[in-house]
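For reference, the structure discussed in these notes is given below.
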Amino acid sequence: MTTSDTERSARFTRSESIRIDATPQQVWDLVTDIGRTGEWSPICKACWWEDPAVGPEVGAYFHGRNETPERVWETRSRVVVAEEPREFAWMVNENAVRWSYTITPDGGGTTLTESWAVQPAGFELFAQRFGDDADAQLEQRRDAALSGIPATLAAIKEIAERG
């Protein structure tokens, strides 16, 4: 990778954490219940497992329906890590974007970290799909991640602590 590729990858990577007054298992059970994603995500309004998958296991696929004021679109994601109750990660559009939740015991509670990273294949996909508008489209996704991750974490915390 060139310096500019490294800088670009760093620009399109984000992780944030929040402490939750719930056990790691309770947090795991919540974030891997993908049918509930619409309760906490500002953009992903619905998710569902693709048959025959019924839950979080490596190789399982799920679909998501995303909505912004400008458009509605669906994604297909593949689970790449399912280490109960420590980490749940998936790749969107095979290997375009990696999302994950890392769950760490924290005293009597849990620290939940949400991470987002556009992969090299993601930059290629955006270039193919959007041509000259690829950089602007990537910036829109970056802005959505930067604002969406803290909103998502706060909502998950509220749901988990409410029980």
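Side-chain polar atoms of Glu84 and Gln25 form a donor-acceptor pair below 3.5 angstrom. Side-chain polar atoms of Thr113 and Thr102 form no donor-acceptor pair below 3.5 angstrom.
Taking the side chain as every heavy atom from C-beta outward, Ile20 and Ile156 approach each other to under 4.5 Å. Side-chain contact check for Glu139 versus Phe12: some heavy-atom pair is nearer than 4.5 Å. Two residues are said to be in side-chain contact when any heavy atoms from C-beta on lie closer than 4.5 Å; Tyr61 and Glu94 meet this criterion. Contact check for Trp116 versus Thr13: no side-chain heavy atoms found under the 4.5 Å cut-off. A heavy-atom distance below 4.5 Å is found between the side chains of Arg36 and Leu30. A 4.5 Å side-chain heavy-atom check between Leu112 and Leu153 finds at least one atom pair inside the cut-off. Looking at heavy atoms from C-beta onward, Asn66 lies in side-chain contact with Thr75 at the 4.5 angstrom threshold. At least one side-chain heavy atom of Ile34 sits less than 4.5 Å from a side-chain heavy atom of Phe88.
Both Val31 and Val92 belong to a common hydrophobic cluster when Ile, Leu, Val, Met, Phe, Trp and Tyr are linked at side-chain heavy-atom distances under 4.5 angstrom. A single hydrophobic cluster is seen to contain both Trp99 and Val118, as judged by linkage of ILVMFWY side chains at heavy-atom distances under 4.5 Å, directly or through other members.
Counting all heavy atoms, side chain and backbone alike, Pro42 lies closest to Ala151 at CG-CB, 4.1 Å. Ala60 approaches Gly55 most closely through the heavy-atom pair CB-O, 3.8 Å. When all heavy atoms are compared, the tightest approach of Ala96 to Leu125 is CB-CD2, 3.9 Å. What you find for Pro56 and Ala82 is that their closest heavy atoms are O-CB, 3.7 Å. The shortest non-hydrogen separation linking Ala89 to Ser100 is CB-CB, 3.6 Å.
Ion pair Arg98/Glu87 flagged as a salt bridge, since at least one NZ, NE, NH1 or NH2 atom sits closer than 4.0 Å to an Asp/Glu carboxylate oxygen. We find that Arg14 and Glu16 are joined by a salt bridge, their nearest charged nitrogen and carboxylate oxygen being less than 4.0 Å apart. Under the 4.0 Å criterion applied to side-chain N and carboxylate O atoms, Asp135 and Arg8 are assigned as salt-bridge partners.
Grouping Ile, Leu, Val, Met, Phe, Trp and Tyr by side-chain contacts under 4.5 Å, direct or through others, puts Val81 with Val80, Met91. By the 4.5 Å side-chain criterion applied to Ile, Leu, Val, Met, Phe, Trp and Tyr, Trp73 is assigned to a cluster that also includes Ile43.
When atom types are taken as modelled, the side chain of Gln26 and the backbone of Thr23 share a donor-acceptor pair closer than 3.5 angstrom. Of the possible donor and acceptor atoms, none in the side chain of Arg71 sits under 3.5 Å from a partner among the backbone N and O of Glu67. Side chain of Gln119 to main chain of Ala117: a donor-acceptor pair is present (N/O by atom type, distance under 3.5 Å, no hydrogens or angles). The backbone N or O of Ala22 lies less than 3.5 Å from a partner atom in the side chain of Thr110, making a donor-acceptor pair.
Pairs passing the salt bridge (charged side-chain N to carboxylate O under 4.0 Å, His left out) check and including a residue from residues 105-124, sequence neighbours excluded, read Arg19-Asp106. Pairs of residues two or more places apart, or lying in two chains, that qualify as side chain to side chain donor-acceptor pair (under 3.5 Å) and include a residue from residues 144-159 are Lys157-Glu161, Glu158-Arg162. Under the ring-ring contact (aromatic ring centres under 6.0 Å, His included) criterion, the residue pairs touching residues 16-59 are Trp48-His63, Trp49-Phe62, with sequence neighbours excluded.
By the ring pair (Phe, Tyr, Trp, His ring centres under 6.0 Å) test, Phe130 pairs with Phe126, sequence neighbours left out.
The number of heavy atoms from other shown groups lying within 6.0 Å of CG (Asp143) is above 12.
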